[in-house]
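The next block holds one structure in the form of structure tokens; read it before the comments.
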Amino acid sequence: MGKVSQREKGRASLSIVMDGMDSIGPALRQVLQRIAAASSRRAHDLPVVAPRLVAVSKTKPVSAVIEAYRHGQRHFGENYVQELVEKASDPQVISNCPEIKWHFIGHLQRGNVSKLLGARNLDMVETIDSPKLADKVSSAWGRCGGQRLKVMVQVNTSEEESKHGMGMTDAVAIIQHVMERCPSLNFVGLMTIGAEHDPSKGLNPDFQSLLICRQKVCKHLNLNVEDVELSMGMSHDFEHAVEVGATSVRVGSTIFGMRPYPATQAVKKVSGGDR
Ligand SMILES: *Cc1c(COP(=O)(O)O)cnc(C)c1O
């Protein structure tokens with residue numbers, strides 16, 4: 001019980017003795033190999049660039065982040081604002097991980113925007129899901145000056161009530177809004193979480209929907225398909241996601257070990273808690 005509640009708090013402390021710290025390096029290498037193998041199975045019309053791996057470190061201590069960084073990992077994902085901010089400002093992370101790039105992948109409430117944007121080394125917000133949120137993020141980021149913030153628009157491809165994200169038809173409108181009305185934001189792609197899908201049952205309909213959504217977006221907004229990233233695929237299906245065209249996959253438990261609760265539940269927990 002003690003271990004679980006410590007992890008749940010997400011309090012990153014080097015003093016927590018973690019099982020599996022030794023396995024992070026090998027697990028990371030294996031995931032990268034599986035991504036490379038999946039890329040080589042892609043249809044020839046898909047770009048050959050290696051997809052980005054975002055290591056999802058939620059509920060795991062900073063020692064796990066540092067260990068993965070030591071093995072070459074640079075992109076990390078978190079889905080709670082508080083947890084990302086704490087890890088990003090941890091003195092151990094600051095000194096050991098100077099080139100770390102944080103991705104926010106959870107539901108973002110407007111009230112938490114300033115807090116999130118204050119995080120050191122924030123690289124991307126993958127979960128813009130309304131024009132109002134985009135406005136808020138843009139104006140808050142604009143006050144910081146400097147480069148535009150990379151953002152993705154989250155699409156609710158499965159149209160499930162419990163999940164956040166724009167419906168497919170609204171995606172074009174919000175992206176247009178970001179491009180025309182949010183001068184501090186740099187639209188880089190589309191993100192989906194999707195419903196549970198058994199890869200042995202064939203193509204994941206959520207991945208297919210995101211691909212169709214990108215086509216639609218590109219056609220309406222006159223963008224190149226190569227310029228619009230797709231963030232899709234997690235531990236249980238990242239290879240399939242890469243095969244069909246993901247440019248960024250978000251993998252947690254396969255690298256860091258199981259969490260006290262499964263990914264989908266974590267996602268729902270976030271959604272539920274925010275209402
Ligand atoms: C937790 C989470 C992941 C990673 O899930 P795993 O199954 O552990 O790989 C990916 N994306 C989002 C949005 C998440 O919340």
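Every heavy atom of this structure was used, including side-chain atoms; hydrogens, water molecules and symmetry mates were not. Numbering of ligands and ligand atoms starts at 1, following listing order. Quick note: residue numbers are just sequence positions, from 1.
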Practice prompt. Look only at the side chain of W141 and the backbone of Q147, and say whether a donor-acceptor pair between them is shorter than 3.5 Å.
Written response: yes

Response to the item:
So for H236 against ligand 1, with non-hydrogen atoms under 4.0 Å, the contacting part is neither

Worksheet item: Does ligand 1 have any atom sitting under 4.0 Å from a heavy atom of E126?
Response: no

Discussion item. Are the side chains of F76 and K101 in contact, using a 4.5 Å heavy-atom criterion?
Written reply: no

Fill in: Polar side chain donor-acceptor pair, S231 to R250, under 3.5 angstrom
yes

Worksheet item: What about S235: any of its N or O atoms under 3.5 Å from an N or O on ligand 1?
Response: yes

Discussion item. Side chain, backbone, both or neither: which applies to I105 and ligand 1 if a contact is any heavy-atom pair less than 4.0 Å apart?
Written reply: both

Worksheet item: Listed by chain and number, what are the ring-ring contact (aromatic ring centres under 6.0 Å, His included) partners of F207, not counting sequence neighbours?
Response: H240

Fill in: Enumerated ligand 1 atoms positioned under 4.0 Å from heavy atoms of N79
15 (O)

Practice prompt. Provide the number and element of each atom of ligand 1 under 4.0 Å from a heavy atom of S253.
Written response: 6 (P), 7 (O), 8 (O), 9 (O)

Worksheet entry | Verdict with reasoning, S235 to T254, per side-chain hydrogen bond (donor to acceptor under 3.5 Å, both in side chains) | CA-CA 6 Å; S235 281; T254 300; 2.9 Å; yes

Item to complete: Report, in ascending order of atom number, the atoms of ligand 1 lying under 4.0 Å from any heavy atom of R250.
Response: 4 (C), 9 (O), 10 (C), 11 (N), 12 (C), 13 (C)

Fill in: Electrostatic pair E229-R52, nearest N-O below 4.0 angstrom
yes

Worksheet item: What residues form a side-chain hydrogen bond (donor to acceptor under 3.5 Å, both in side chains) with H177, not counting sequence neighbours?
Response: D135

Worksheet entry | For G252, the ligand 1 atoms whose distance to one of its heavy atoms is below 4.0 Å | 4 (C), 6 (P), 8 (O), 9 (O)

Item to complete: Could you list the atoms of ligand 1 found under 4.0 angstrom from a heavy atom of V251?
Response: 9 (O)

